[in-house]
Amino acid sequence: MTDSNSGWIKSTCAYCGVGCGIEARPTSLGKLEVRGDKEHPSNYGKLCTKGVALGDTVTPLGRLTQPMHIQNQLHIQNQQQQALGWNEATQLVSDRFNQTIEEFGPDSVAFYVSGQLLTEDYYVANKLMKGFIGSGNIDSNSRLCMASSVVGHKRAFGSDTVPICYEDLEDTDLVVITGSNLAWCHPVLFQRLRAAKQSNPNLTVVVIDPRYTDTCEIADQHLAIESGSDVALFNGLLSYLANNDALDEEYISKHTQGFEQAIESAKKYVYHSDSNINFEQGVSQLTGLTEQEVERFYRAFASNKKVITIYSQGVNQSSQGCDKVNAIINCHLATGKIGKVGMGPFSVTGQPNAMGGREVGGLANTLAAHFEFGDADSHQTVSDFWQTDNLATKPGLKAVDLFDGMLDGKIKAVWIMATNPVVSLPDSAKVKAALEQCPFVVVSDCIADTETTRLADVVLPAQGWSEKSGTVTNSERRISRQRRILPSPGEANPDWWMIKEVAQKMGHQHAFDYRHEGQIFEEYCQMTSLDNANGKLRDLCLIGLTNLDDKGYSELKPQQWPVLKLQQDIVNQRMFTNGEFFTASGKAQFVAVEHSQPLTTTSPDYPLIMNSGRVRDQWHTMSRTGLASSLGEHTPEPFLAIHPETAKKFGFATSTNQTNQVVKVKSAQGESQARLVLTQEMRKEQVFMPIHWNGTTAKNSKPCDLILPNTDSNSGQPEFKHTPVMIEPCDYRSEAVLISDSVVDCDEFDYWVRQKVEGGFLYRISSSKNPMELVIQLANTLDALPEPNAEAIKSLHYHGNKSFKNYGSAKLGQSGVKQAFVVNSKLDHQSIDWLVECLTREADEEFEAEFLSTMAK
């Protein structure tokens, strides 16, 4: 939707599951101006740092612009690449998939897709794999963030349904935030909650997290629990509620089943040492909290009428993730704190369209549009609607199992869409080996060089955010439009179009005859209305959107499902308000759960527990946020956060002038390296490492090289939050800062990390070589760079004296500094800041004098 007077186009942010509305317009300088959409009910004009910087990430830098057939799976820059036309590329993909299916059967192929896809892309991919190839082997990287919530919802509610609305945060008494650094991972929701607390001093916030994070700044209580002890804490809460007359007996009797089994399990967990209950498991002992801390939390939950429990990856990413989800839901069901204003369990999704992918069936264990495997009527309904006699009849392989299947030779062809599994899945070495072994790997992405595209046989250029058109669904079930704002570079095309072209060439022309994304959305909406005309049989119903014409789709305002009629104004509707659920009995189900330890524990070899997660200004593997210089400033390199006493225990210096050294982090799975950061915010037995850096932006700094592929047996979601590790010094003898106006291959250095800065790139380098040896290595690296106008390059060099051993060098071109570096045994931030400024300076005589004098200081 475009404002014809101002040129602003309404769209949706590309990042987290909050689903903020944005407005954008191109500027005369070729940039994209972005602001918050004040009319969008998710954010009402607010944006986080990543959203504000969206325009800075729209750049041709690093884009994939041409379909390519790649021979010899080497580094992408050295591969033998054959440029293809789209017809040739899609024919190659369809022929290889058909050939593989004919020889090995439909379960020999797979799609691995992403919450970065739009719902229309997701729908077409799921339809092709499950409806016409006939396999369940399509899974999403949402498996890594939301799969445990899906299972928990379905076990309790009979459907994957999030019951609350964002506006509930502004009308509640108590907000419990567990397993979520909301301030950094869902910042606009955090801003709404903070504003609600400021306007209502009686609003209480409890944060449950092993780390002290920025979210704790608004907390009335922070519970720094032991890693993996959530079930014990919430089972103890359920027991407390039963023992303190805080149950809603009428709600339990009328609207639920299974309470007796759940409370029997929960009563084993007591919080008070002198309790008269038979003491089997003490909550304090299991969680590491004091009895007073536990009782204060339990009392708050019991005494407040309106309670919301927000949870995210700290709950889901666990070998016991599903049971954690149901332990939370049990407490809400037991008190009737669900389905009404300001109360309910609230799973916040990690990606912009994780919910949309779940809706259409983009997970291997779901069928389509909240129809499920294992139900004969659902199978028939979907088969008839898609007009196929080849519908998949059983779930496919979940993410970790899917790549295991490649390694075992069961999966012979895979199409990876809009995701980077070599970085994001646990046990990166195994994922890489699986892709190297798979006979045919297709990767569609908007970025040319990722650790996954480096292993592809065919790469297909996809449209990026601001070029794509379609819909996404946020964490409160609200569907919003992403609209095309800019033209696509090169030959980039929508993901749905690529899939459609391949499907037609595979012989399914009639089922994939789409001309634009609006037709796909209409078909998807029609599918949700099957056997659902009154909106009561299943939760997901979009019958009110089935009659949109092209103009109606183009101008579609945000809609919160179920949509029984087109919503012209903002709607906030909660689920389960009538106490009816989507189970066979119509009643919610309690799930009896037991606390169990994570699948791996510490040992003398690996005595620390590593937690992983996001930092404030970066997103996933940084392929987009890493392009914005403003976003690199807050956290410029990978780090390992550790308590000072723990660092001292393991022999690391803790004085101010000796900290921030690069360390090696080792697990039973592999090893990585990061900058050591001392902080009182960590528990003494734990460390924290961010997820964003990978082989294209740093040297050996992926936490997924360390993380074991342990998963929840029900959801298949990996355990990212609990990895036993050991830390060791790297004993590097020199450091360097390198700036360059273009990307430099630094893989020959022991440690490096790349940061986008104004005018180019900044590299931080550490080395086991002495400073002079590092100078020589850097000089050789820069000399080897291709330079079309080598005769116009001027070099400056500075070698330190005995009292100050700085070494500096710069290459100057006609337009300014091409590259420059400074080397010392240890560098300070002033050296870094000054060097970065050089990229935007004119390389005149005044600059040359300043460069040499600065090096001498």
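- A pairwise comparison of heavy atoms in Gly321 and Asp712 identifies N-OD2, 2.9 Å as the closest pair.
- Because its NZ or CZ atom is not both nearer than 6.0 Å to the ring centre of Tyr44 and within 45° of the ring axis, Arg192 does not count as a cation-pi partner of that residue.
- For Thr381 and Asp531, the side-chain atoms include at least one donor-acceptor pair closer than 3.5 Å.
- Side-chain atoms of Asn474 come within 3.5 Å of backbone N or O of Val18 as a donor-acceptor pair.
- Using cut-offs of 30° and 60° on the angle between ring planes, the pair His379 and Phe373 is perpendicular.
- Although no hydrogens or angles enter the test, the distance criterion places a donor-acceptor pair under 3.5 Å between the side chain of Gln519 and the main chain of Arg515.
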Quick one: do Tyr524 and Thr119 satisfy side chain to side chain contact (heavy atoms under 4.5 Å, CB included)? Show the steps, please.
CA-CA 9 Å; Tyr524 161 59; Thr119 299; 3.9 Å; yes

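- Residues Leu564 and Cys541 share a closest heavy-atom pair of CD2-SG, 4.0 Å.
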Pair Glu517, Lys500 - check salt bridge (charged side-chain N to carboxylate O under 4.0 Å, His left out), show working.
CA-CA 11 Å; Glu517 61 273 13; Lys500 179 263 294 189; over 6 Å; no

Quick one, Thr528 with Val563, criterion side chain to side chain contact (heavy atoms under 4.5 Å, CB included). Give me CA distance, side-chain angles, the key distance, then yes/no.
CA-CA 10 Å; Thr528 69; Val563 185; over 6 Å; no

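- Shortest non-hydrogen contact noted between Ala418 and Ser114 is O-OG, 2.9 Å.
- With contacts defined as side-chain heavy-atom distances shorter than 4.5 Å, the pair Met575/Ser159 does not qualify.
- Using cut-offs of 30° and 60° on the angle between ring planes, the pair Phe521 and Tyr553 is tilted.
- Counting only distance, with no hydrogens or angles, the side chain of Gln717 and the backbone of Ala147 share a donor-acceptor pair below 3.5 Å.
- For Trp561, the side-chain hydrogen bond (donor to acceptor under 3.5 Å, both in side chains) partners two or more places apart in sequence, or in a different chain, are Glu359.
- None of Leu435, Ile416, Thr450 except one satisfies the side-chain contact (heavy atoms from CB on, under 4.5 Å) rule with Val422; the exception is Leu435.
- Looking at Thr419 and Gln116, their side chains never come closer than 4.5 Å, going by heavy atoms from C-beta outward.
- The side-chain tip of Arg358 does not point at the ring of Tyr122 from less than 6.0 angstrom away and within 45° of straight on.
- Remark: the backbone N or O of Thr12 is paired with a side-chain donor or acceptor of Trp465 at under 3.5 angstrom.
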Apply side chain to side chain contact (heavy atoms under 4.5 Å, CB included) to the pair Leu391 and Leu367, showing each step before the final yes or no.
CA-CA 9 Å; Leu391 186 73; Leu367 183 53; 4.2 Å; yes

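- When side chains are defined from C-beta on, Leu189 does not count as touching Ile310, because their heavy atoms never get closer than 4.5 Å.
- Across all non-hydrogen atoms, the minimal contact from Met527 to Tyr123 is SD-CE1, 3.7 Å.
- In this structure, the separation between SG on Cys20 and OH on Tyr15 is 12.5 Å, given to the nearest 0.5 Å.
- Pairing each heavy atom of Leu363 with each of Asp139, the nearest pair is CA-OD1, 3.5 Å.
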I'd like to know whether Glu491 forms a side chain to side chain contact (heavy atoms under 4.5 Å, CB included) with Trp86, so could you lay out the CA-CA distance, the side-chain angles of the two residues, the decisive distance to 0.1 Å, and finally the verdict.
CA-CA 8 Å; Glu491 300 295 318; Trp86 270 111; 3.6 Å; yes

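- Annotation: side chain of Asp107 is in contact with side chain of Lys394 (closest heavy-atom distance under 4.5 Å).
- Contact annotation: the side chain of Lys10 never approaches that of Ser480 to less than 4.5 Å [non-hydrogen atoms, C-beta and beyond].
- Of the possible donor and acceptor atoms, none in the side chain of Ser554 sits under 3.5 Å from a partner among the backbone N and O of Asp550.
- The 12-atom threshold is exceeded at CG of Asp549, counting heavy atoms of other residues, nucleotides or ligands nearer than 6.0 Å.
- Remark: Met417 CE to Ile138 CD1 distance equals 6.5 Å, nearest 0.5 Å.
- Judged purely by distance below 3.5 Å, without hydrogens or angles, the side chains of Thr625 and Gln618 pair a donor atom with an acceptor atom.
- The OG1 atom of Thr711 sits 6.5 Å away from the CG atom of Asp401 when rounded to the nearest 0.5 Å.
- No donor-acceptor pair closer than 3.5 Å links the side chain of Asp37 to the backbone N or O of Gly45.
- Expressed to the nearest 0.5 Å, how far CG of Leu556 lies from CD of Gln567 amounts to 9.0 Å.
- Arg481 places a side-chain N or O within 3.5 Å of a backbone atom of Gly470 that can act as its donor or acceptor partner.
- For the pair Asn420 and Glu451, the tightest heavy-atom approach, listed with the atom from each and the gap, is OD1-N, 3.8 Å.
- For Gln482 (side chain) and Val472 (main-chain N/O), no donor-acceptor pair under 3.5 Å exists by modelled atom type.
- At least one side-chain heavy atom of Ile329 sits less than 4.5 Å from a side-chain heavy atom of Phe157.
- Taking NE2 from His508 and CD1 from Ile133, the interatomic distance works out to 6.5 Å, rounded to the nearest 0.5 Å.
- The backbone N or O of Arg624 lies less than 3.5 Å from no partner atom in the side chain of Trp619, so there is not a single donor-acceptor pair.
- Distance check, rounded to the nearest 0.5 Å: CG of Asp160 to OG of Ser347 gives 8.0 Å.
- No donor-acceptor distance shorter than 3.5 angstrom exists from the side chain of Asn493 to the backbone of Ala462, with no hydrogens or angles considered.
- Contact annotation: the side chain of Ile22 never approaches that of His40 to less than 4.5 Å [non-hydrogen atoms, C-beta and beyond].
- Taking the side chain as every heavy atom from C-beta outward, Val431 and Met406 never approach each other to under 4.5 Å.
- Of the N and O atoms on the side chains of Glu120 and Tyr514, not one donor lies less than 3.5 Å from an acceptor on the other residue.
- Enclosure of atom NZ in Lys505 by more than 12 non-hydrogen atoms of other residues, nucleotides or ligands within 6.0 angstrom is indicated.
- Screening Ser148, Ser149, Ser715 against Asn316 for a side-chain hydrogen bond (donor to acceptor under 3.5 Å, both in side chains) leaves a single residue, Ser149.
- There is no side-chain donor-acceptor pair under 3.5 Å between Asp513 and Gln509.
- We find that Arg477 and Asp539 are not joined by a salt bridge, their nearest charged nitrogen and carboxylate oxygen being 4.0 Å or further apart.
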